[in-house]
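These notes concern the structure reproduced below.
Index from 1, following the sequence.
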Amino acid sequence: MVFSLAHEGSATHDVTNQPPPLAPYDASEDVALLEGLRREGAGWAEEDVRRIGRIAGSAQAQEWADLANRHEPELRTHDRYGHRVDEVEFHPSWHHLMRTAVAEGLAGAPWADDRSGAHVARTASGLAWGHTDAGHGCPTSMTYAAVPALRHQPDLAKVYEPLLTSREYEPGLRVPSGKRGLLAGMGMTEKQGGSDVRTNATVAAPTSESGVYTLRGHKWFTSAPMCDVFLVLAQAPQGLSCFLVPRVLPDGSRNTFRIQRLKDKLGNRSNASSEPEFDGTVAWLVGPEGRGVKTIIDMVNCTRLDCVMMSAALMRKTLVEAGHHARYRSAFGARLVDQPLMRNVLADLALESEAATTLTLRLAGAADRAVRGDAGEQAFRRIATAVGKYWVTKRGPAFTAEALECLGGNGYVEDSGMPRHYREAPLLSIWEGSGNVNALDVLRALTREAGTAEALFGELALAQGADARLDAAVNRLKGLLRDGSEAGARRLVEHMALTLQASLLVRHAPPAIADAFCATRLGGDWGHAFGTLPDSADVAAILGRALPGTG
């Protein structure tokens with residue numbers, strides 16, 4: 001197919017056989033996404049999700065994402081007069097992205113929404129809005145996640161929750177209570193321990209005022225340092241505890257929050273990640289002393305779900321880009337999308353994408369129902385979120401690399417946007433606990449938290465008898481659980497994830513999707529790279545569902 005523009009061409013040649021720009025497009029045009037939205041109890045939000053998808057796929061929003069990453073945040077430690085300010089300056093495109101995300105309820109808004117499915121609606125919106133930029137998803141995710149942790153201290157929640165759940169984006173450091181909306185961050189890890197937060201050395205000293213402490217120490221990886229408040233771990237007299245640290249104190253003075261430097265990261269370049277130091281920093285206790293991990297884990301559970309969500313969004317975004325390229329690009333006498341081997345690659349990616357999206361929305365449904373008091377869903381959420389966080393984020397880098405390769409050399413240049421997505425993908429496996437941390441967390445949940453294994457197998461039982469390969473996989477999983485060794489934790493969690501994804505697809509996806517997934521991911525009729533589906537796979541049906549016009 002030849003695509004031409006009036007301005008194309010040069011003195012030496014005409015430009016042909018190049019795809020047109022993808023934007024504008026509808027990022028919510030995903031059957032698996034919309035079906036999951038309805039199935040998990042948030043069908044009432046479909047119009048909003050579709051609107052967000054159109055905004056995300058607009059040329060303007062795509063440009064915002066590009067510019068926010070090309071013009072990275074800059075640290076200003078001092079003002080022109082020598083006063084310490086510790087501020088980070090962002091390109092205007094960052095603020096456009098943030099303003100839209102907060103207004104569309106991607107920060108704390110669901111906690112102020114009594115409708116059943118409000119948290120599912122947010123996740124579905126995030127799957128669509130994630131087609132823009134992943135970096136600004138960090139402060140919106142942490143703001144969302146801060147609310148349940150802050151509720152451990154009702155007096156603080158009464159003050160801050162209405163502002164954290166606001167749809168108003170108001171950047172700039174000012175007294176929190178005087179703003180129309182707030183953003184929250186977290187500070188957990190330190191140089192000497194990383195994920196082993198119990199080795200934290202930051203000290204919290206009580207003051208004469210009840211519940212108020214001063215902190216002295218550091219944090220190693222604190223993203224979005226221009227947030228208004230942070231939940232921070234520090235060692236109080238009775239052990240590791242959680243604290244609320246505002247950047248600006250109630251009297252209008254700056255709290256001590258010395259940003260030593262911004263991280264020079266592989267990806268996530270639009271977002272500032274910092275190393276702050278505390279020295280007499282004023283903080284308010286959240287939850288009981290000595291229960292800091294238990295308090296902040298409510299925040300971590302939410303941000304882990306967002307890691308799964310963003311990985312699934314990156315998969316879908318790069319699949320859409322690959323499919324668009326294949327529709328318009330020809331090689332060796334035929335369009336790429338008509339060539340059997342490329343169709344196999346795209347269909348294999350489509351299977352992986354649908355499995356990730358379906359699991360993401362099931363986890364969001366569990367989170368929504370758990371918040372509303374469903375104990376069974378709470379137990380399922382506890383184990384399945386860690387399983388999903390491990391597996392879906394692990395699949396992201398390989399997926400985005402294969403999607404990039406579908407564009408050939410065009411995908412390897414920055415102008416395509418694909419390198420940015422590829423660099424972004426590994427972060428989601430690292431953030432909120434690396435693969436090992438999440439795999440071990442699954443073992444911990446199975447051995448220490450009653451009802452988690454029963455909840456998982458109860459979910460799997462809903463598909464019992466529908467596919468022999470799935471039934472066999474469930475039986476294998478029971479055998480792996482009896483072993484339960486630490487060295488085998490990754491193998492166990494991988495099998496859990498694949499079995500769970502397969503059960504969801506068997507129950508909810510068309511037969512062509514479920515059969516191909518079970519044959520490859522469970523039945524072993526698959527290679528070691530994407531694009532190795534067996535001849536029995538209904539590639540046309542898979543592509544027709546995932547990428548209309550390619551079937």
(request) Verify the ring-centre separation between Y144 and H119: is it less than 6.0 angstrom? (result) yes
(message) Pair E190, T202 - check side-chain hydrogen bond (donor to acceptor under 3.5 Å, both in side chains), show working.
(response) CA-CA 8 Å; E190 296 182 5; T202 297; 2.7 Å; yes
(request) Considering only NZ, NE, NH1 and NH2 on the basic side and carboxylate oxygens on the acidic side, decide whether D86 and R258 come within less than 4.0 Å. (result) no
(message) Looking at R382 and E449, is there a salt bridge between them, counting it only when a charged N and a carboxylate O are closer than 4.0 Å?
(response) yes
(request) Indicate yes or no: does R38 engage E46 in a salt bridge with an N to O separation below 4.0 Å. (result) yes
(request) In plain terms, say whether D441 and R304 are close enough for a salt bridge, that is, a side-chain N and a carboxylate O under 4.0 Å apart. (result) yes
(message) Tell me whether R316 forms a cation-pi arrangement with F399, defined as NZ or CZ under 6.0 Å from the six-membered ring centre and within 45 degrees of its axis.
(response) no
(request) Give me the ring orientation class for Y81 and H83: parallel if the planes are under 30° apart, tilted from 30 to 60°, perpendicular past 60°. (result) tilted
(request) Answer yes when E277 and R216 have at least one side-chain N-carboxylate O distance shorter than 4.0 Å, and no when they do not. (result) no
(message) Any non-hydrogen side-chain atom of R254 less than 4.5 Å from a side-chain atom of E87?
(response) yes
(message) Check E321 with K317, please: is the shortest side-chain N to carboxylate O separation under 4.0 Å?
(response) yes
(message) Is it true that H324 and Y25 share a donor-acceptor pair across their side chains at a distance under 3.5 Å?
(response) no
(request) Could you tell me whether D374 and R372 make a salt bridge, using a distance below 4.0 angstrom between a side-chain N and a carboxylate O? (result) no
(request) Could you tell me whether K179 and E170 have a side-chain N and a carboxylate O separated by less than 4.0 Å? (result) no
(request) Would you mind checking if R51 and D26 are paired as a salt bridge, meaning a charged N to carboxylate O distance below 4.0 Å? (result) no
(message) Check R369 with E40, please: is the shortest side-chain N to carboxylate O separation under 4.0 Å?
(response) yes
(message) Salt bridge check, K158 against D155: does any charged N sit closer than 4.0 Å to a carboxylate O?
(response) no
(request) Give a yes or no on whether a salt bridge exists between D415 and R70, defined as a side-chain N under 4.0 angstrom from a carboxylate O. (result) yes
(request) Measure from NZ or CZ of R247 to the centre of the six-membered ring of F230 and say whether it is under 6.0 Å with the direction within 45° of the ring axis. (result) no
(request) Name the orientation class of the two ring planes belonging to F278 and F257 (parallel below 30°, tilted from 30 to 60°, perpendicular beyond 60°). (result) tilted
(message) I'd like to know if R122 pairs up with D306 as an ion pair, taking the criterion as any Lys NZ or Arg NE/NH1/NH2 lying under 4.0 Å from an Asp or Glu carboxylate oxygen.
(response) yes
(request) Determine the sole option in T358, T357, T360 for which the side-chain contact (heavy atoms from CB on, under 4.5 Å) test with L33 is passed. (result) T357
(request) Could you tell me whether K389 sits above the aromatic face of W431, with NZ or CZ closer than 6.0 angstrom to the six-membered ring centre and within 45 degrees of the axis? (result) no
